[in-house]
Amino acid sequence: MKENRTETNRRGLLLCVSGPSGTGKGTVIRRILASNPKMVHSISVTTRPPRQGEQNGVDYHFRSRGEFLSMLDHGDILEHDLYCDHYYGTPKSNIDALLAAGTDVLLDITIPGSLSVMNSYPEAVTIFLMPPSFGELRRRLAGRGTEDPEAMRQRLEKAREEISKAELFTYCIINDDIAAAADKIMAIAQAEHCRYERQKGLEKNILAR
Ligand code: 5GP
C-alpha cells in the first residue's frame, strides 16, 4: 500500500459482499450505489443465461462458456467460481486503477470468490450478508420467481453450505432491512478507511502543514 496518503488521495476499498442467493446482496448494493457516487459495483462476467429484464453490460457481461474460458486463459479474470453449473467471474479490467484513484469497489461474489480475492488482495474487506432465517430465504427466493423449481432447490441446498462459512468473513450483517443493511456496509467502509494501516504516514503530512 502506498504511504503518505492523506484523506484526499486515499486508496479505495475492495469490498467483497457474499451470502446465499436470495439474501438481497444485489438490492443492498443498488441502494448503496444510489447514494454514493464514489462507490462502484464491478460488473461480473457469467455464463448464466440472462433472466427476464437483465441487460448485458448492466447486470452482467453475459458470455458463452467458450468466451469465459478464453478470458480465463488470457488472465482477464481476477477470481472466478462455478456456481450451480454456471461460471461467474470478476473481470480484472480496471479494478486496480479504480482502487488507486480512491474509488471503493463493491464485488457481489460467492464465498469461494471472496476467499480467493483475500489471497490476491489481503487488504480487501469481506462482508457476509445473512438472511434473517432459512425460512425467509426460501420465501424470498420463491417470491423472486427467477428460478425454476430445480434451480431453486439447488440454490437452497447451496445456501445451507454457504451459511456455515460465515465465520471465514470479517463482517456479518443480517439483512432484515435493506436500508439498515446498506447503512451498515457504509459504516464498515467508513471505519475501514479510518484504519491507521490504510493511512500510514498521514501524520507527516499533517505536521508539514
Ligand atoms: P445470480 O445467478 O443469482 O446472479 O448469482 C449467483 C451467485 O453468483 C451469487 O452468489 C453471486 O454473488 C455470485 N456471483 C456473481 N458474480 C460473481 C463473480 O464475479 N464471481 C463470483 N465468484 N461469484 C459471483
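In each ligand, atom 1 is the first atom listed, and ligand 1 is the first ligand listed. All values below come from the heavy atoms of this structure, side chains included, with hydrogens, waters and symmetry mates left out.
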If you draw a 6.0 Å radius around CD in Gln190, do more than 12 non-hydrogen atoms from other residues or ligands fall strictly inside? no
Backbone or side chain, does any N or O of Thr90 fall under 3.5 Å from an N or O of ligand 1? yes
Atom 13 (C) of ligand 1: the protein heavy-atom neighbour that sits closest, reported with distance to 0.1 Å: Thr110 CG2, 3.7 Å
Whether the Tyr121 and Glu79 side chains hold a donor-acceptor pair (N or O, under 3.5 Å, no angle test) is what I'd like checked. no
Check ligand 1 against Lys25 and write out every atom of the ligand that is under 4.0 Å from a heavy-atom position of the residue. 9 (C), 10 (O), 12 (O)
Charged N to carboxylate O below 4.0 Å: is that the case for Glu157 and Arg153? yes
Charged N to carboxylate O below 4.0 Å: is that the case for Arg48 and Glu54? yes
Below 3.5 Å, N or O to N or O, backbone or side chain included: is there any such pair between Gly113 and ligand 1? no
Atom 19 (O) of ligand 1: which protein heavy atom is closest, and how many Å away? Ser44 OG, 2.7 Å
Side chains of Asp108 and Ser44: does their closest heavy-atom pair fall under 4.5 Å? no
Answer yes or no: is there a donor N or O on one side and an acceptor on the other, between the side chain of Ser42 and the main chain of Leu107, under 3.5 Å? no
Need the ligand 1 atom indices (1-based, order shown) with element for anything under 4.0 Å from a heavy-atom of Gly89. 18 (C), 19 (O), 20 (N)
Any atoms of ligand 1 less than 4.0 Å from a non-hydrogen atom of Tyr83? List them with their elements. 6 (C), 7 (C)
Which residue supplies the protein heavy atom nearest to atom 4 (O) of ligand 1, what is that atom called, and how far is it? Tyr60 OH, 2.6 Å
Take atom CZ in Arg160; do more than 12 heavy atoms of anything else shown fall under 6.0 Å from it? no
Yes or no: does Glu162 have any heavy atom under 4.0 Å from an atom of ligand 1? no
Atom 14 (N) of ligand 1 sits nearest the protein heavy atom Asp108 O, 3.4 Å
Does Arg195 come within less than 4.0 Å of Glu192, counting only side-chain N to carboxylate O? yes
Distance from atom 22 (N) of ligand 1 to nearest protein heavy atom, with residue and atom: Glu79 OE1, 2.8 Å
Do me a favour and list the nearest non-hydrogen protein atom to atom 3 (O) of ligand 1 with residue, atom name and distance? Arg155 NH1, 2.7 Å
Atom indices of ligand 1 within 4.0 angstrom of Asp81 heavy atoms, with elements: 22 (N)
Atoms in ligand 1 flagged as close to Arg48, the criterion being non-hydrogen separation under 4.0 Å: 1 (P), 2 (O), 4 (O)
Side chains of His193 and Asp104: closer than 4.5 Å at any heavy-atom pair? yes
